[in-house]
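To keep things clear, I will list the structure first and then write my remarks on it.
Per chain, numbering begins at 1; letters A, B, ... match sequence-line order.
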Amino acid sequence: MKGRVLVVDDDPSLGEMLGIVLRQEGFEPVFVRSGDQAIAAFHQAKPDLVLLDLMLPGKDGLEICRELRLESGVPIVMLTAKTDTVDVVLGLESGADDYITKPFSAKELVARIRARLRRRDTDGAETLRFHDIEMDVMAHQVTKDNKPVNLTPLEFELLATLARRPRQVFTREVLLEQVWGYRYAGDTRLVNVHVQRLRAKIEDDPENPRVVQTVRGVGYRIGPEGGAVESSAQAGDQG
Amino acid sequence: MVLFTSAIVVGALLLLGAALNALLAKSLYTQQSADAVQQVKQLTRQTELGDVTGFDTRQVQTKLQERLTSGQSGQLSFQAVVLYGADGTETFSNGNYRFRHVPAGLAERVTLRGELAYVYIRSPVDPGRMLVVGAPIRIDQSDVGPQQAYFFYPLNFQEETLAKLSNFLLIVGAGLLAAVVILAAISIGRVLKPIQRARDVAEEIAAGNLAARIPQATSQDDFGKLAESFNRMTDNLAQKIGELEHVGSLQARFVSDVSHELRTPLATVRMAADYIHAARAGLPPDAQRAAVLLERELERFENLLEDLLEISRFDAGVINLEPVEVDVSSLLDEVVDALDPIAHGRKVDVGLQVDRGQGQPLVAADPRRLDRVFSNLVKNAIEHTVEGGVRIWVGRRGGDVVVTVADDGEGIPAEDLPHIFERFYRADVHRARTLGGTGLGLAIALENVNLHRGSIDVQSEVGQGSTFTVTLPAIDPKPEPVGGQAVETQPEPAPVPEVAVGG
């Protein structure tokens with residue numbers, strides 16, 4: 001698997017070591033040391049994935065994350081030295097797909113990058129329709145009410161995973177395994193934050209979601225269409 | 001309090017009343033006797049009788065009687081007068097009194113000493129007491145012999161006055177008492193209320209609210225000053241505690257920062273070590289061994305760093321517990337499964353016994369933290385068991401979920417027992433540390449258990465093995481979600497309220 005990886009990190013040794021590991025695993029690393037140059041480097045290199053340190057001189061990781069998300073769905077994996085709740089959640093809310101906590105092993109790093117670059121094989125033209133949403137899985141396109149919706153590859157994957165088995169409840173652990181590629185327990189906050197980001201794009205009222213519903217104490221599912229639960233609520237919500 | 005004050009007041013009033021009564025009685029009677037003596041003197045003075053020259057005995061006697069009885073119509077009136085001759089005959093008596101009513105002592109003083117005297121008697125005829133004044137009478141210009149006159153003054157007026165006065169004193173006393181009681185109650189209330197308020201504030205402060213202050217009393221009395229001093233003291237206390245907390249949080253912050261700063265170079269080292277380790281086949285034998293040691297010790301280093309960071313988070317009080325319902329028995333199942341390779345490698349049997357006799361072992365907890373606690377205890381138990389097994393028991397006991405982890409290890413010496421939850425305390429410094437413990441495991445376990453409002457305890461005897469007991473507050477299972485009602489729109493699972501750790 002060939003993939004270009006933009007490494008945004010101010011620590012030269014770590015950058016170099018990341019380069020060694022990435023090259024050995026067959027990736028093509030591109031480096032940028034300062035947050036201010038990150039966006040320009042992104043435009044120039046057109047990477048398949050961004051490895052982004054949260055703590056950077058100049059523009060910080062969260063800001064870069066937000067700016068990248070404005071123009072691209074490129075997979076972003078954060079490197080973080082902080083495991084305290086707030087930092088990770090902030091990074092994820094800024095648009096990072098996944099994170100990895102320093103210190104990490106080469107194996108862990110590569111596993112996280114591979115999981116984000118992996119493309120699922122689809123058996124020909126697959127189209128998923130539910131509620132007012134249509135997903136063309138092959139073309140990675142989504143429309144809501146026939147209007148295109150811009151989802152990142154991760155959000156697309158998350159929605160498609162749920163939509164392929166409508167009404168089935170997925171636990172966060174199952175979603176972590178199927179969407180993020182965690183074989184062992186991952187951080188369930190990844191799921192929570194990305195479900196919220198997804199809802200913001202596809203729900204009529206993200207505060208009162210009808211498409212991706214929370215099943216309390218269990219997980220998430222695609223809600224039933226036109227059921228008794230919704231018909232009453234929808235009437236009020238949609239105007 | 002009010003009762004005590006009232007008793008004092010009643011006592012004082014009674015004393016005062018009695019004294020006042022006695023004083024008034026004395027002055028009243030003294031006044032009376034003085035007036036009576038004055039009157040008697042005047043009536044019996046010979047010159048008052050006028051010229052009796054040429055009067056015969058009868059005439060003199062009549063005049064004397066007229067003269068004496070004239071005093072009866074005055075303001076100070078006696079009820080009767082008795083004239084008694086020296087020859088032992090009663091020559092005159094008016095009213096109900098006779099000479100026999102005159103006390104012998106008085107008659108003797110008047111007769112023998114020839115002086116004016118008086119005495120109080122209980123009246124033998126009328127109710128009440130009487131003042132009897134006796135005086136000798138001598139009429140020189142006549143042949144009338146010396147006589148004695150006895151005047152009986154009633155004391156009704158004085159006694160009535162005294163009775164009225166007593167009643168008056170009683171009424172005034174009762175009124176005064178009532179007033180005092182009311183005033184005492186009011187003033188005690190005025191004193192006690194601020195004290196009660198101060199007590200409430202003190203208790204609030206004791207409960208941890210350092211911002212509590214006694215509302216500033218406007219009064220400049222002792223209580224106002226007390227409130228002021230109290231508030232100043234609390235200010236100082238709060239400031240000192242704030243400074244201490246600041247120092248504490250700076251230190252915790254420092255440890256946390258150090259741990260964070262170490263992570264970036266450590267990430268490089270880790271990857272480099274991985275790389276060398278993976279490529280060690282091409283290295284000379286000693287370098288190969290070095291690569292293996294590097295990799296292994298790096299693991300330990302990382303664990304230590306993780307534990308340090310974890311401890312610093314506890315110290316900084318920044319950990320927020322987001323508890324969910326956890327079945328401790330299935331959590332223990334996973335713990336045992338995960339540690340199976342280690343147990344197998346050391347040929348130690350690990351048995352898990354679940355007792356559901358008193359209900360499900362459910363707790364509200366962060367499963368990852370609980371996992372850490374039990375992984376640590378079970379791992380320790382496996383490590384310490386030389387021969388035999390590890391027995392885990394879980395069940396409910398009343399309102400708690402209890403987990404015991406017992407091993408067949410060498411046991412912990414009594415002198416070490418109180419210290420084993422301390423940081424970096426090693427019960428046996430000589431023991432091989434094949435499992436690479438950091439020395440913080442039990443300290444973190446204790447913090448985690450405390451975070452869940454539970455307790456952890458150990459019983460051990462050398463040669464008998466050790467038993468760790470973890471007690472956590474149990475919760476009751478939620479009713480099973482039914483159908484569509486289970487669907488809720490909240491993004492986060494939050495079945496139990498959040499618990500924050502204090503710093």
Are B:Met271 and A:Leu18 packed together at the side-chain level, in the sense that at least one heavy-atom pair is separated by less than 4.5 angstrom?
yes
Are more than 12 heavy atoms from other residues, nucleotides or ligands located less than 6.0 Å from atom CG of A:Asp145?
-> yes
In terms of heavy-atom contacts, B:Thr268 and A:Asp11 come closest through OG1-OD1, 4.2 Å
| message | Counting neighbours of CZ on A:Arg66 that are heavy atoms of other residues, nucleotides or ligands and sit closer than 6.0 Å, is the number greater than 12? | response | yes
| query | Within a strict 4.5 Å, meaning less than it, do heavy atoms of the A:Thr101 and B:Arg263 side chains meet? | reply | yes
Requested in this report: Taking the side chain as every heavy atom from C-beta outward, state whether A:Met17 and B:Val269 have any pair of such atoms under 4.5 Å apart.
Outcome: no
Rounded to the nearest 0.5 angstrom, the OG1-CG distance for B:Thr264 and A:Asp9 is 7.0 Å
Whatever's closer than 4.5 Å to a heavy atom in chain B on A:Val195 counts as neither
Contacts of B:Phe301 meeting ring-ring contact (aromatic ring centres under 6.0 Å, His included) (sequence neighbours excluded), chain-then-number -> none
Residues at least two apart in sequence or cross-chain that pass salt bridge (charged side-chain N to carboxylate O under 4.0 Å, His left out) with B:Asp274, listed by chain then number, are B:Arg270
When rounded to the nearest 0.5 Å, the distance separating OG of A:Ser105 from CD of B:Glu302 is 8.0 Å
Greater than 12 external heavy atoms within 6.0 Å of B:Glu261's CD: no
Take atom CZ in A:Phe31; do more than 12 heavy atoms of anything else shown fall under 6.0 Å from it? yes
When the 4.5 angstrom heavy-atom criterion is applied to A:Glu108 and chain B, the contacting part is neither
